Q: 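Here it is: the structure, laid out below.
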Amino acid sequence: MQDDLRDRFARLKEKVLIKRPVLNAILKKRGSKKLFEYSHDYVDVNLPPTIPRRQNEFLGVIAEVVEARFGKKLADSVVNQLKKYYFVSTADHDGPITHPFFLNSNLLTAAAMADHSDSAIQNVIVLACANISVDNSSFPRGLFFHNVREGKLQTHRMSFFSANTRPAAVYTLPPYTKVEVEKILKELKIKLDKAEIGSMEYEKMSQLMKEVYDQPEVYNSSTYTEQISKTNFKLWPRLFEASKVKLPNLVYLELEDIVVRLLIKHHLNQDTILNHILFDPTYEPYINQYFEGIFGSFSRADESGTYLFWALPKGSKHNLQLWRKGNFLVSKDESYKIELKPEIIQKAMEEKELIPGLLLAFSTVSFYYGVKCLGGFNQVNYLTHMKNGYIKMNVDIGNYRSIEVCARAQTKEICDGLSFAFMEYGDHEVALASGPDLILYGKEDSWQRLVDSAKQITFEEALTPLMPEMYKISYDKSEWDPDLESITEKDLNTMIGLHDKAEPCIEIPEV
């Protein structure tokens, strides 16, 4: 049976890596590294010699946002760190630090930082993608936790917004109010009365809602994403409170907001390559030639993606993809049209009517400002392809300084989708923990167990349980092979003995 599974997995892995050649190269080069050792490379950053002025522009915007939300002391800490260690994570979807994918990525970065001797390293800095659907599978609209009843794992979701909330993008959501928090508290009480959760889960989750989410400074935020930034900062140090460990700060910002601020402040009215990409019609043929068909960019042939921006006009229920026609960006049905003039684009970005797409976001943060962006299994592929396209475009145009900066941009660091924060339940069953699970069931030795697991398992072993999902993302459903489709995360965990190497950091008792 195991031999059959290994054969099927080998075929599945081959199909995944055909679609992801960059990931394949990373696995060949670094797959055998222990996960903890692999994460220490995050702080290794190549700064090109021409970067200081650009770096100061980037740091100025970061400092502006962090100081407004958290004060000058934290802003100074973030800037001092970035001056020496010029990297951020762009792996996350913007939302509460709950989903295992993003929880694991940030815990791995934190573990590497905690082992570093330089006191300047004090923060896990995340530029999270906020232009995602409210009903995204990562559950950005609330939190979830688990418990066990009759030996089976139960999931309990607590939502600030319903799945059909409009507008559709997390980036444009208004702040939640006290009404939503009180609704969640009532739902917890109902679950307690129905014996769906125990008194411990009820008391701890109620306390968490009151102390983190039911706070004046959170209600005073102007957007939901600002609330997430503030609440994740407060939630994060509680994850291993029982272990009495001091984690680096989690500084959680919106990627799109940082990009908009940079564009408005330094590019809309200045002679930079980003200005030319936005407004210069002579650049359009190069953009069409070198970015067509790259995931996260656009494809006119497939009518997928968008040209630089997504549009979300007032009253619209969905993002509109845009295409350049002359000096305008126009939706497919031409119901939306906006002229490419700096003052018009600025106003639309400020009102969140225009939202930077991934190509524009990474052209700004990674290729222009040279920031090392840690990401997931998809990002290392599309970001590397985008980088190559950006360099080819600048070669054709003769922008040699831009080539020099972009050529040093590091695009092949994975922090997302690496499984090592496990929980145990029932008859030695194992699953990935959520953020609130760590708070509910954490023990004194939970942090040490987590670190020990990262030291025991390899990078490839930590990535292997994600392969079935990668396969389904990589191919249309009509192309799925039933023999490969049926392989589960649990199958692979058993096959490679991951549960024996990665000791669960928490155990969930029966209710």
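We count residues from 1, following the sequence as given. As the structure is a prediction and not an experimental result, all values here were calculated from the model.
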Q: Answer with yes or no whether the side chains of Glu203 and Ser199 bring together a donor and an acceptor at under 3.5 Å.
A: no

Q: If only atom types and distance count, is the side chain of Glu201 paired as donor or acceptor with the main-chain N or O of Gly198 below 3.5 Å?
A: yes

Q: Measuring from atom CG of Leu82 to atom OH of Tyr85, what distance do you get when rounded to the nearest 0.5 angstrom?
A: 12.0 Å

Q: Please answer whether the main-chain N or O of Val124 pairs with a side-chain N or O of Thr109 as donor and acceptor at a distance below 3.5 Å.
A: no

Q: Might you work through the side-chain contact (heavy atoms from CB on, under 4.5 Å) test for Ile355 and Thr172, ending with a clear yes or no?
A: CA-CA 9 Å; Ile355 306 172; Thr172 55; 4.3 Å; yes

Q: Quick check: closest heavy atoms across Ile294 and Tyr382, and the distance to 0.1 Å?
A: CG2-O, 3.9 Å

Q: Test salt bridge (charged side-chain N to carboxylate O under 4.0 Å, His left out) on Lys186 and Glu182; report intermediate values, then the result.
A: CA-CA 6 Å; Lys186 288 178 182 177; Glu182 290 176 346; 5.8 Å; no

Q: Under 3.5 Å, side chain of Trp310 to main-chain N/O of Glu353, donor-acceptor pair present?
A: no

Q: Using every non-hydrogen atom in the two residues, find where Gly296 and Leu358 come nearest and quote the distance to one decimal.
A: O-CB, 3.4 Å

Q: Pick out which of Val371, Leu255, Leu253 makes a side-chain contact (heavy atoms from CB on, under 4.5 Å) with Val88.
A: Val371

Q: From Thr231 OG1 over to Leu143 CG, what is the distance, rounded to the nearest 0.5 angstrom?
A: 8.0 Å

Q: What pairs of donor and acceptor atoms, side-chain ones from residues 500-511 against any protein atom, are under 3.5 angstrom apart with sequence neighbours left out?
A:
residue: Lys501; atom: NZ; partner: Glu461; partner atom: OE2; Å: 2.4
residue: Glu507; atom: OE2; partner: Arg449; partner atom: NH1; Å: 2.3
residue: Glu507; atom: OE2; partner: Arg449; partner atom: NH2; Å: 3.3
residue: Glu510; atom: OE1; partner: Gly151; partner atom: N; Å: 3.0
residue: Glu510; atom: OE2; partner: Glu150; partner atom: N; Å: 2.2
residue: Glu510; atom: OE2; partner: Gly151; partner atom: N; Å: 3.4

Q: Report the relative orientation of the aromatic rings in His146 and Phe144; use parallel for angles under 30°, tilted for 30 to 60°, perpendicular for over 60°.
A: perpendicular

Q: Please find the pair of heavy atoms, one from Thr98 and one from Leu103, that lie closest to each other, and give the distance.
A: O-CB, 4.4 Å

Q: Answer whether the closest heavy-atom distance between the side chains of Leu250 and Val126 falls below 4.5 Å.
A: yes

Q: Do the ring planes of Phe102 and His99 sit parallel (below 30°), tilted (30 to 60°) or perpendicular (above 60°)?
A: tilted

Q: Please confirm whether Tyr252 and Phe233 have ring centers closer than 6.0 angstrom.
A: no

Q: Assess the side chains of Asp92 and Asn106: does a donor N or O sit below 3.5 Å from an acceptor N or O?
A: yes

Q: Say whether, by atom type as modelled, one donor and one acceptor occur between the side chain of Asp437 and the main chain of Ser434 under 3.5 angstrom.
A: yes

Q: For Lys191 and Glu187, what are the C-alpha separation, side-chain angles and deciding distance, and is it a salt bridge (charged side-chain N to carboxylate O under 4.0 Å, His left out)?
A: CA-CA 6 Å; Lys191 286 178 179 290; Glu187 289 173 350; over 6 Å; no

Q: Can you confirm whether Glu217 is buried at CD, in the sense that more than 12 heavy atoms of other residues, nucleotides or ligands lie under 6.0 Å from that atom?
A: yes

Q: State the CG-CD1 distance between Asn378 and Ile473, to the nearest 0.5 angstrom.
A: 6.0 Å

Q: Nearest 0.5 Å, what's the NZ-OG distance between Lys455 and Ser453?
A: 11.0 Å

Q: May I have all residue pairs that pass salt bridge (Lys or Arg N to Asp or Glu O under 4.0 Å) and include part of residues 169-178, sequence neighbours excluded?
A: Lys178-Asp214

Q: Do the ring planes of Tyr471 and Trp480 sit parallel (below 30°), tilted (30 to 60°) or perpendicular (above 60°)?
A: tilted

Q: Do side-chain atoms of Ser243 reach the backbone of Lys443 as a donor and acceptor pair under 3.5 angstrom?
A: yes

Q: Do the ring planes of Tyr176 and Tyr224 sit parallel (below 30°), tilted (30 to 60°) or perpendicular (above 60°)?
A: perpendicular

Q: Answer yes or no for Lys387 and Phe367: cation-pi contact, defined as NZ/CZ to six-membered ring centre under 6.0 Å and angle to ring axis within 45°.
A: no

Q: Run the salt-bridge test on Lys477 and Glu485 with the 4.0 Å N-O cut-off and return the result as yes or no.
A: no

Q: Do Gln122 and Ser77 meet the criterion of a side-chain donor-acceptor pair at a distance under 3.5 Å?
A: yes

Q: Applying side-chain contact (heavy atoms from CB on, under 4.5 Å) to Trp236 and Leu239, what does each step give before you reach the verdict?
A: CA-CA 6 Å; Trp236 175 255; Leu239 299 183; 3.6 Å; yes

Q: Testing Arg20, Glu469, Lys19 one by one against Ser474 for a side chain to side chain donor-acceptor pair (under 3.5 Å), which residue passes?
A: Arg20

Q: For Ile197 and Phe145, what are the C-alpha separation, side-chain angles and deciding distance, and is it a side-chain contact (heavy atoms from CB on, under 4.5 Å)?
A: CA-CA 10 Å; Ile197 61 175; Phe145 65 96; 4.1 Å; yes

Q: Using only heavy-atom distances, determine whether the side chains of Glu180 and Thr177 contain a donor-acceptor pair under 3.5 Å.
A: yes

Q: Donor-acceptor pair, Lys34 side chain versus Gln456 backbone, under 3.5 Å?
A: yes

Q: Can you tell whether the side chains of Glu429 and Lys490 come within less than 4.0 Å, N to carboxylate O?
A: yes

Q: If you look at every heavy atom in Asp416 and Ala91, which pair is closest and at what distance?
A: CB-CB, 3.6 Å

Q: Ignoring hydrogens and geometry, is there a side-chain-to-backbone donor-acceptor pair from Lys372 to Asp44 under 3.5 Å?
A: yes

Q: Could you tell me whether the side chains of Thr384 and Thr411 share a donor-acceptor contact shorter than 3.5 Å?
A: yes

Q: Do other residues, nucleotides or ligands put more than 12 heavy atoms under 6.0 Å from the NZ atom of Lys15?
A: no

Q: Could you check whether any side-chain N or O of Asn220 sits under 3.5 Å from a backbone N or O of Pro216, counting only pairs where one atom can act as donor and the other as acceptor?
A: yes

Q: Determine, step by step, whether Glu211 and Arg238 satisfy the salt bridge (charged side-chain N to carboxylate O under 4.0 Å, His left out) criterion, reporting the C-alpha distance in whole Å, the side-chain angles of both residues, the deciding distance to 0.1 Å, and the verdict.
A: CA-CA 11 Å; Glu211 294 180 356; Arg238 294 169 177 255; 2.9 Å; yes

Q: Where do Lys412 and Arg30 come nearest, in terms of heavy atoms and distance?
A: O-NH1, 4.1 Å

Q: Has Lys352 got a side-chain atom pairing as donor or acceptor with Tyr171's backbone, closer than 3.5 angstrom?
A: yes

Q: State, to 0.1 Å, how close Gly31 and Thr458 come at their nearest heavy-atom pair, and which atoms those are.
A: O-CB, 3.5 Å

Q: For the CE atom of Met386 and the CZ atom of Phe295, what is their distance to the nearest 0.5 Å?
A: 8.5 Å

Q: Verify, without hydrogens or angle tests, whether Gln81 (side chain) and Asn123 (backbone) share a donor-acceptor contact under 3.5 angstrom.
A: yes

Q: Rounded to the nearest 0.5 Å, what separates atom CD in Glu256 from atom CG in Leu263?
A: 11.5 Å

Q: Centres of the Phe160 and Tyr213 rings: under 6.0 Å?
A: yes

Q: Run the side-chain contact (heavy atoms from CB on, under 4.5 Å) test on Leu12 and Met470 for me, step by step, so that the C-alpha distance in whole Å, both residues' side-chain angles and the decisive distance to 0.1 Å come before the verdict.
A: CA-CA 9 Å; Leu12 180 143; Met470 290 190 210; over 6 Å; no

Q: Could you note down all residue pairs passing ring-ring contact (aromatic ring centres under 6.0 Å, His included) where residues 423-464 supplies at least one of them, sequence neighbours left out?
A: Tyr38-Phe459, Phe240-Trp447

